[in-house]
Amino acid sequence: MTSDATTHGMAGSPRDGILDRLSDTFWRRPRLFLALLLAPPLLWLGVVYLGSLFALLVHSFFSIDEFSGLIKYELTLKSYAELFRAANFDIIVRTLTMATSVTIAAAIIAFPIAYYAARYAKGRWKAAFYIGVMLPLWSSYLVKVYAWKLVLAKEGVLSWLFSVFHMEAVLELLLATPVIGGSSLSFSYIGTFLVFVYVWLPFMILPTQAALERVPGNLLEASSDLGAKPAQTFRKVIFPLALPGMIAGSIFTFSLTMGDYIIPQIIGTSRLFIGQAVYAQQGTAGNIPLAAAFTVVPVVIMAFYLWMAKRQGAFDAI
Amino acid sequence: MTTAVLFSGVSRHFGDVRAVDNVDLSIKPGEFFAMLGPSGSGKTTCLRLIAGFDQPTAGHMEIFGETVDGVPPNRRSVNTVFQDYALFPHMNVSENVAYGLMIQGVPKDEQESRVAEALELVKLSGYGDRKPGQLSGGQRQRVALARAVINRPKVLLLDEPLGALDLKLREAMQEELKTLHRSLGITFVFVTHDQGEALSMADRVAVFNDGKIMQVASPKEIYQHPSSRFVADFVGSSNILSPEFTNSVLGQAAWASLRPEAIRIVAGGSGRISSRCVSKNYQGSTSRIALDAGGQSLTVLLHDGDESIEIGDEVALDWDADKVHIMEDQS
């Protein structure tokens, strides 16, 4: 006790432990500490992550020799031209349409849930909200997708529910709709869409709820005090302040849908989405440059989307 | 003559808590009315009832002769300056101030000229393009004020608007609010827990405690003739005389109040009572002396240049009999 007190208590006394000396050094040179703290994540992000992304970008500017099937290491835009061939362009349009629909649907479903959680839920209900939203994320993605296949199948729970309420005609009408219909829900775009919305919904709810949580209640009172009807308060105050959170959520739902290759393979038609195209091109087809070019598409679309959102002032409320 | 705001038997209960308990009140048109009380006394709830953010559990309310029972805030000609200003963070100063006009659908050019006028009124011309986050507390306060008065409300509600400002700024804003009140001629209802603020600014003051109004009167009346021990104690600085003390000195057992400045220090042996100095508090031009007169504590003001009194000294006191105010409420 006494010796401890003298060594630690007095300024300038010699320190014996290496950790003591290390912490003293860090205290004197805070920048060194920061550098050491950031070095591993920066190495990871800079070399492994950005490096691989850069390698991908470079590959998209190479091409494949049609006879030998080998990559020609010469810079060319051939792979990008390939993307605009009808068969490939269809894949892009299909994926983009799906990602947009999923994002809009997720935003519409997520908003009331997030609003309830941010404004009204307290204590135990708030905990229930978080568990309810996160619970689906705890189980395997594949399990959930296969479960949905059973739900959506021709003899599945959903068809049965429709028949219980004598609404088979509605389901048949839905499935008879051109393009989005099919032989059953699990073999239609409607099915793919439903599963995408289900799987990515938490990623929309949580950021939206976080944004709404930061809107003080008295702003809503101020708005109505100044004469605004509830709908006007929503348009002028709540929505603009929730928008940054919804954009953050849409980045998740949009890019996750754009890149996914498992859901459309298990549920839906045999027509490809970008993720599946990348998978096929780099695997069986062995066309790495085209696969790379496909992968660049979502990156470009996301960058464009964020740029537009910023220009429209979506982040002004941050 | 109509009343600006009328409460008749108004209660607001939150579960078992009676935040506002059977309040009757009438505020006159054009009056600067203060609601004073400790936190949790119901003054802010009363303000929220006038604004329409809250609905009374029982009772009836009118604003300028029109019933507002069940009328939402957006359909009341009342505007509020919030305690923490509640400025819209995603809009600049001009957009904040123009909000009410924009909602009403006032033409753009009229909006602009009225915003410029309102900003000039609160001395913030040239700040229109700033965001609330770029302003100081005092400036935000002015924006909140401009945003409310631009709508020309019949009643302006102010919820502790000066609470977050430092002393100097608060004093300056008190003056400005009074000037603004005179120039606009509208009814101001002002909530505060600061008795100095209420007494110096208001035409009339309502003192709240436990959801009830203890006294409604002019600041002078409240200060000189507090109706109950609570009011005398809360408004402060008055000596509260116990029935035992008044019985022995005046021959009448009742709670009474006596202001410090009404008490004179006289030569030993004369005067009504003798007391002992307990503590002394120097305050610049005056000193406050706390005295003990046989169990009754008394505060006396001592002016610079008066005979010096030290702790432990015997002090003889006197006052004019009519300065002792017997309280109406003896509870």
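So that the names make sense, note that chain A is the first sequence line, chain B the second, and so on, each numbered from 1.
- Taking chain A as the reference chain and counting heavy-atom pairs below 4.5 Å, the highest number among B:Pro73, B:Ala51, B:Ala144 is found for B:Pro73.
- Ring orientation note: the planes of A:Tyr115 and A:Tyr120 are nearly perpendicular, at an angle over 60° on the 30°/60° scale.
- Within the 4.5 Å cutoff, side-chain heavy atoms of B:Ile186 are placed close to those of B:Pro153.
- By number of non-hydrogen pairs under 4.5 angstrom with chain A, the leading residue of B:Arg76, B:Gln104, B:Arg147, B:Gln83 is B:Arg147.
- A heavy-atom distance below 4.5 Å is found between the side chains of A:Val237 and A:Leu220.
- Relative to the ring axis of A:Phe33, A:Arg29 does not place its NZ or CZ within 45° and under 6.0 Å from the centre.
- Residue contact with chain A, scored on non-hydrogen atoms closer than 4.5 Å, involves the side chain of B:Asn151 exclusively.
- Of the two parts of B:Phe88, the backbone and the side chain both hold a non-hydrogen atom closer than 4.5 Å to a non-hydrogen atom of chain A.
- At a 4.5 Å heavy-atom cutoff, the contact between B:Leu87 and chain A is made by backbone atoms alone.
- The candidate from A:Val215, A:Asp225, A:Asn218, A:Leu219 with the greatest count of non-hydrogen atom pairs under 4.5 Å with chain B is A:Asp225.
- Ring orientation note: the planes of B:His181 and B:Phe32 are nearly perpendicular, at an angle over 60° on the 30°/60° scale.
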